[in-house]
Amino acid sequence: MKISRTYRARTVTAVSLSAVLALTATACGDDGSGGSGSEGSGKGEITLWDNNTGERREIWAQIIKDFEKENPAIKVKYVGIPIDQVQAKYDTAIDGGGLPDVGGVGTAYLSNLVVRDVLDPVGDRVQDGALKGKLVPALVDSVKAAGGRGDEMYSVPTSTNNGTLWYRSDMFADAGLEPPATWSTFYEAAEKLTKPGSNQFGYTIRGGAGSIAPAMDAMYGQSGITSFWDGDKTTVNDPRNVAALEKYVALYKKVTPSADVNNDFIKMVAQFDSGSIGMLTHNLASYQDHVKALGPEKFKGLPYPAQENGTRVQVSNPVDGLGLFKGGKNKAAAWKLIEFAASHKSNSAWNESAGSIPANTDAATDGWVRKAVPTATAMKALSDGTTKIVNLPYYLPDWNTISKSGNEPNFQKVLLGDMTAKEFADKLAKELNEAQAEWKEQTKS
């Protein structure tokens, strides 16, 4: 496999930044050499790296306790890693030794681990074991796409978030409006709920940090295009997407506050919860904020609007998962832990704790999911086939730069009228096409 100078430079930079992080434990399985490891005896000690210890340490402690009770011949060594350090820690371990047997792996950095050949494919293990048919298909597809190796899986999905259209049900009722389930009812409500003289606006648009993914949701959601690529070219600047973006950005200052051009999700959530905004697009993570500020009766949440025929198209959200590391010397035991953590009971408890959407389909009817109506609605939309997912190219090394610092300022220019929607989409497409071509060259065998 060829690795370009650009990619190699990125890797060296990541390693140099992470060198200051002390490795809090040495894994039992992998020395970072990328060797093939072995199945082992299925007994003994294995090491788990948790990729978000700040929020998940306690629930992992419970899952490990339950696992060891069911599998007394296996002991799990837990290593907690802060979410903002995990990718750097993996980079350091790959070059310096000490990868775990099992590790939390998100789709945002999955491709980096696949390219560096430290993860085992897990598709056959899923098909031959207890998880067959038990994982949400849309999340499986997202994991496959993020790995960048066709139909192969390099992690077992455990959870995801979902884009949600939060709306003030009390304001909708007062205005005699139907819930904004389709794009046409969304635009109608945005206009009718706007009362500039009373500082009330129908919608808040994300113009600050994190603006690109919501804009893409609006583009693909309205255009109905279901693939990010058409051959080797992105569909971002397809005329249908450009037209959708034009309609979306036209909302700015007409039915949204002018301050939205700089607002990130924290400011947007605060505006919505203060009572001056009728609708907000954000993910499920802000649910508890809305409950605390408004109470459960004054707001509701739906997946992003559907087209008039009921089909919903949305861009992929990052999917969290568990990876089986290639150099592990006891993969049989490691796989048992992955299966156990992704099973109905464990996966449901883990996601209830995290406030996320479970990857295990059996969790859909659990009590906590039913009570958290927006989560239940999102899970149903992802599981019942009515939602088409446009998988964003997380596998591209340049994806984060292109979709954040590279184009967020340009989206602000579009809102302010200093750049057209077509100019924005064409620039974005050019950069993505170049990144895709480079990635294909890098991964050419």
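In this chain, numbering begins with 1 at the start of the sequence shown. This one's a predicted model, so the numbers in the text were calculated from it and none came from an experiment.
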Handout entry: Inter- and intrachain pairs under salt bridge (charged side-chain N to carboxylate O under 4.0 Å, His left out), touching residues 409-426, at least two apart
Key = Lys422-Asp426
Exercise for the section: Would you mind listing every salt bridge (charged side-chain N to carboxylate O under 4.0 Å, His left out) that reaches into residues 284-313, with sequence neighbours excluded? Expected result: none
Kindly write out the residues that satisfy ring-ring contact (aromatic ring centres under 6.0 Å, His included) with [X], not counting sequence neighbours, or none if the list is empty.
X	value
Tyr154	none
Phe228	none
Tyr109	none
Tyr252	none

Please say whether more than 12 non-hydrogen atoms of neighbouring residues, nucleotides or ligands are located less than 6.0 Å from [atom1] in [X].
X	atom1	result
Glu434	CD	yes
Asp124	CG	no
Asn309	CG	yes

Counterpart residues, salt bridge (charged side-chain N to carboxylate O under 4.0 Å, His left out), relative to [X] (two or more places apart):
X	result
Asp141	none
Glu152	none
Asp170	Arg168
Asp320	Arg56

Side chain proximity check, [X] to [Y], heavy atoms < 4.5 angstrom:
X	Y	value
Lys388	Tyr220	no
Val86	Lys89	no
Val313	Tyr304	no
Val236	Glu431	no
Glu352	Asp366	no
Leu48	Trp60	yes
Trp166	Val269	no

Exercise for the section: Give the C-alpha distance, both sets of side-chain angles, the deciding distance and a yes or no for side chain to side chain donor-acceptor pair (under 3.5 Å) between Asn241 and Ser223. Expected result: CA-CA 6 Å; Asn241 273 336; Ser223 71; 2.8 Å; yes
Side chains of [Y] and [X]: any donor to acceptor distance under 3.5 Å?
X	Y	answer
Thr204	Gln271	yes
Gln62	Asp66	yes
Ser142	Tyr394	no
Tyr78	Thr53	yes
Asn112	Asp91	yes

Exercise for the section: Apply side chain to side chain donor-acceptor pair (under 3.5 Å) to Asn161 and Ser356, showing your working. Expected result: CA-CA 6 Å; Asn161 214 315; Ser356 301; 5.4 Å; no
Practice task
Kindly determine whether Ile63 and Trp350 satisfy side chain to side chain contact (heavy atoms under 4.5 Å, CB included), including the steps that lead there.
Solution key: CA-CA 8 Å; Ile63 290 172; Trp350 190 95; 3.8 Å; yes
Would you name the heavy atoms of [X] and [Y] that are closest together and state the gap between them?
X	Y	answer
Ala342	Val156	CB-CG1, 4.0 Å
Asn237	Val242	O-CG2, 3.8 Å
Asn407	Lys427	OD1-NZ, 3.4 Å
Val390	Ser227	CG1-C, 4.0 Å

Practice task
Under the side-chain contact (heavy atoms from CB on, under 4.5 Å) rule, collect the residues that match up with Lys440, sequence neighbours excluded.
Solution key: Asp232, Gln436
Practice task
For the pair Trp183 and Tyr187, name the ring-plane relationship: parallel under 30°, tilted 30 to 60°, perpendicular over 60°.
Solution key: tilted
Problem - Mutual orientation of the aromatic rings belonging to Phe272 and His290 [parallel < 30°, tilted 30-60°, perpendicular > 60°] - result: perpendicular
Ignoring hydrogens and angles, write down the donor-acceptor pairs under 3.5 Å from the side chains of residues 278-285, residues two or more places apart or on other chains.
residue: Thr281; atom: OG1; partner: Tyr203; partner atom: OH; Å: 2.7
residue: His282; atom: ND1; partner: Ser286; partner atom: OG; Å: 3.0
residue: Asn283; atom: OD1; partner: Ala285; partner atom: N; Å: 2.9

Handout entry: Ion pair check, Asp50 and Arg57, cut-off under 4.0 Å
Key = no
Exercise for the section: Examine Phe325 together with Tyr90 and report whether their ring centres are nearer than 6.0 Å. Expected result: yes
